[in-house]
Novice: 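The structure is given below, and queries will be raised subsequently.
Throughout, numbering of the chain's residues begins at 1 and tracks the sequence. Just so you know, these numbers use all the heavy atoms, side chains as well, and skip hydrogens, waters and symmetry mates. In each ligand, atom 1 is the first atom listed, and ligand 1 is the first ligand listed. Everything numeric here is computed off the predicted structure, so don't read it as measured data.
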Amino acid sequence: MRITSAKVVVTSPGRNFVTLKIETDEGVYGIGDATLNGRELAVASYLTEHVVPLLIGRDPARIEDTWQYLYQGAYWRRGPVTMSAIAAVDTALWDIKGKVAGLPVYQLLGGRSRDGVTVYGHASAETTDGLLKEVDRFVALGYKAVRIQTGVPGLPSTYGVGHAGTTYEPANAESALPEESAWSTEKYLAHVPSVFAQVRAEFGPTLGLLHDVHHRLTPIEAARLGKSLEPYTPYWIEDPVRAELQEGFRLIRQHTTTPIAVGEVFNSIWDCQQLIQEQLIDFVRTTVVHAGGITHLRRIFDLASLYHVRSGSHGATDLSPVCLSAALQLDISIPNFGLQEYMPHSAETDAVFPHGYTFADGYLQPSDEPGLGVDLDEEAAAEYPYRPAYLPVNRLEDGTVHPW
Ligand code: CS2
Ligand code: MG
C-alpha cells in the first residue's frame, strides 16, 4: 500500500477545526485532528506546504518511521505547530492501520484495560448558586467527576465561565483582535475555597471535584491555593502555574497534598519529563492532537506509569471529535488511565465528524469500528468556512499582561 494523496480540511461548524485526510492506492484513508486553537492556519500551512509533499509514495504502515522522519527530519523540533502537524499524520496512519487490520485501534494497543473511560464534565456559572445547579445536572447524568469554575467577585469575567446559557467557547470569531480580560489573583484566592466548601457540603465527599487555575498563579500562590482546598479534597487543581519552569512545582509540593494536573499545552515528552520523574504532578494532561499523536502520547503515558502519574487528557471542544476518538482508543487501553475531559461538541460539529464513541452514566466508550471510529463529512465541512478567532489576552487590573 502507498500514500497517494493527503488534504488539509479547515472547517468551522461553530468553531474552527483543521483535519488531515491521508488517502492510499487501495482506497483506505485515515484522518487526524490538527486543530490548534487560535493558530489553526499555522498548522494547516505547515501540513500543506511542508509535510503533505513528503508523504506521497510512503508506506502508511510505517507509522514509527514516518513519525521519526517528520520529527527528526524537520531539524527544528517540538513546539505546538510542528507537533500538532505530526500528530495529525500519526493519527491518520493509526486510523489506516486499524482499518486494514479490521480492528479498532485500541486492539492494536493491547486491548481493553477497563470497561469504560471515566470522564469529567465542565460545570460553570457566574455564581456559586448557579454552579450548584450545574453540578447537580452532571451528577444526574452519572458523572463521577466535575470541573467547577465560577466568576470571581469584583472581576467582570473570568476563565471558564461562558455567557449564560451558552457553551463555553473562549476563541471569539466576532472580534478581529483577541478579547482582553482583567484578572486579580487576590480576589480569586479569596473566593475559590468558599466555592469548594459549598459544593463539597452539597454533594458529599466522593464526587471528584476538579478546578482549572489556567496557568495564573506563582508557585507559592499555588501552594497557598492547594493548602486552602485540602479540607475539600479536590480531585486535582489544573495548570496552577505557567509550566515552563518545571522545577517550580517543587515549591508547590512542599506545601500541599492537593493533587496537580498539568500538560494540555505541552507537546512533547521533554516538556513533562521532570514533572513526571520527580513526581511533581499526579496527572499528565497531554493529548493526541497537541503531543505528537498516538505514537508519542503512548511514550508519555508509559513514562508516567513508572512514577505513579496517571493520564488526564485534555478534551475541550477545540479538540475535534477526531482527537477524542483517538484519545479514547488510548484511554481504554493504557494501564495508568486517570480521567478524560469531556466537553460534548455541538450538533453541527458532530455532523461534520460522525463518530462511534458513546456516553452513558459518566463513561465514554470508544467505537469498535475498525480504525478510530470517526469520519469527516467533507460536504458538511464545506458548509462552514474558516473564521479567524483568537483566544483572549489576560491582564492584571493594572494592565500588566498575565497568563490567560
Ligand atoms: C481548558 C481549555 O479544558 C481545559 O482544561 O484549559 O478549555 C483551554 O482553555 C482551551 O483548550 C484553549 O483552547
Ligand atoms: Mg485546562
Novice: F138 vs Y120, test: ring pair (Phe, Tyr, Trp, His ring centres under 6.0 Å). Steps then yes/no.
Specialist: CA-CA 9 Å; F138 280 95; Y120 73 88; 9.7 Å; no
Novice: Could you list which atoms of ligand 1 come closer than 4.0 Å to a heavy atom of D212?
Specialist: 1 (C), 4 (C), 5 (O), 6 (O)
Novice: Is the NZ or CZ atom of R112 both under 6.0 Å from the centre of the six-membered ring of Y106 and within 45° of that ring's axis?
Specialist: yes
Novice: Counting each atom of ligand 1 from 1 as listed, which ones have a heavy atom of H122 under 4.0 Å away?
Specialist: 3 (O)
Novice: Restricting to under 2.8 Å, identify the protein N, O or S atoms around the Mg ion (ligand 2) as residue plus atom.
Specialist: D212 OD2, E238 OE2, E264 OE1
Novice: Identify, by atom number and element, the atoms of ligand 1 in contact range of R147, meaning under 4.0 Å from any of its heavy atoms.
Specialist: 1 (C), 3 (O), 4 (C), 5 (O)
Novice: Identify the protein heavy atom lying closest to atom 1 (C) of ligand 1, giving its residue, its atom name and the separation to 0.1 Å.
Specialist: Y159 OH, 2.9 Å
Novice: Report the nearest protein non-hydrogen atom to atom 9 (O) of ligand 1: residue, atom name, distance rounded to 0.1 Å.
Specialist: H214 NE2, 2.8 Å
Novice: For the residue pair K99 and Y29, would you count it as a cation-pi contact if the rule is NZ or CZ under 6.0 angstrom from the ring centre and within 45 degrees of the ring axis?
Specialist: yes
Novice: Check each of D318, D239, L210 against atom 12 (C) of ligand 1 and report the one with the nearest heavy atom.
Specialist: D318
Novice: With a distance cut-off below 6.0 Å to the six-membered ring centre and an angular limit of 45° from the axis, does R395 pair with W183 as a cation-pi contact?
Specialist: no
Novice: Using the ring pair (Phe, Tyr, Trp, His ring centres under 6.0 Å) rule, take Y71 and W76 through it: C-alpha gap first, then chi angles, then the decisive distance, then the call.
Specialist: CA-CA 8 Å; Y71 179 77; W76 312 107; over 10 Å; no
Novice: What do you reckon, is CG of D398 surrounded by more than 12 foreign heavy atoms closer than 6.0 Å?
Specialist: yes
Novice: Less than 4.5 Å apart, any side-chain heavy atom of K187 and any of E397?
Specialist: yes
Novice: Heavy-atom pairs closer than 4.0 Å: do any link ligand 1 to the side chain of L391, the backbone, both, or neither?
Specialist: side chain
Novice: Give the atom numbers and elements of ligand 1 that come within less than 4.0 Å of a heavy atom of H314.
Specialist: 2 (C), 3 (O), 4 (C), 11 (O)
Novice: How far is atom 3 (O) of ligand 1 from the closest protein heavy atom, and which atom is that?
Specialist: E341 OE2, 2.4 Å
Novice: Give a yes or no answer on whether the side chain of D282 reaches the backbone of I260 with a donor-acceptor pair at less than 3.5 Å.
Specialist: yes
Novice: Considering non-hydrogen atoms of the protein only, which is the closest contact for atom 8 (C) of ligand 1, and what is the distance?
Specialist: E264 OE2, 3.4 Å
Novice: Is it possible for you to check whether R62 lies under 6.0 Å from the centre of the six-membered ring of Y69, through NZ or CZ, and within 45° of that ring's axis?
Specialist: no
Novice: Only heavy atoms of W404, strictly under 4.0 Å: list the atoms of ligand 1 that pass.
Specialist: 9 (O)
Novice: Check the side chains of T258 and W236 for a donor-acceptor pair under 3.5 angstrom, ignoring hydrogens and angles.
Specialist: no
Novice: Evaluate the criterion side chain to side chain donor-acceptor pair (under 3.5 Å) for residue pair T127 and D129; output intermediate values, then yes/no.
Specialist: CA-CA 5 Å; T127 65; D129 283 347; 5.5 Å; no
Novice: Contact between E238 and ligand 1, counting heavy atoms under 4.0 Å?
Specialist: yes
Novice: So which heavy atom in the protein is nearest atom 13 (O) of ligand 1, and how far is it from that ligand atom?
Specialist: N37 ND2, 2.8 Å
Novice: Does L275 offer a backbone N or O that forms a donor-acceptor pair with the side chain of Q246 under 3.5 Å?
Specialist: yes
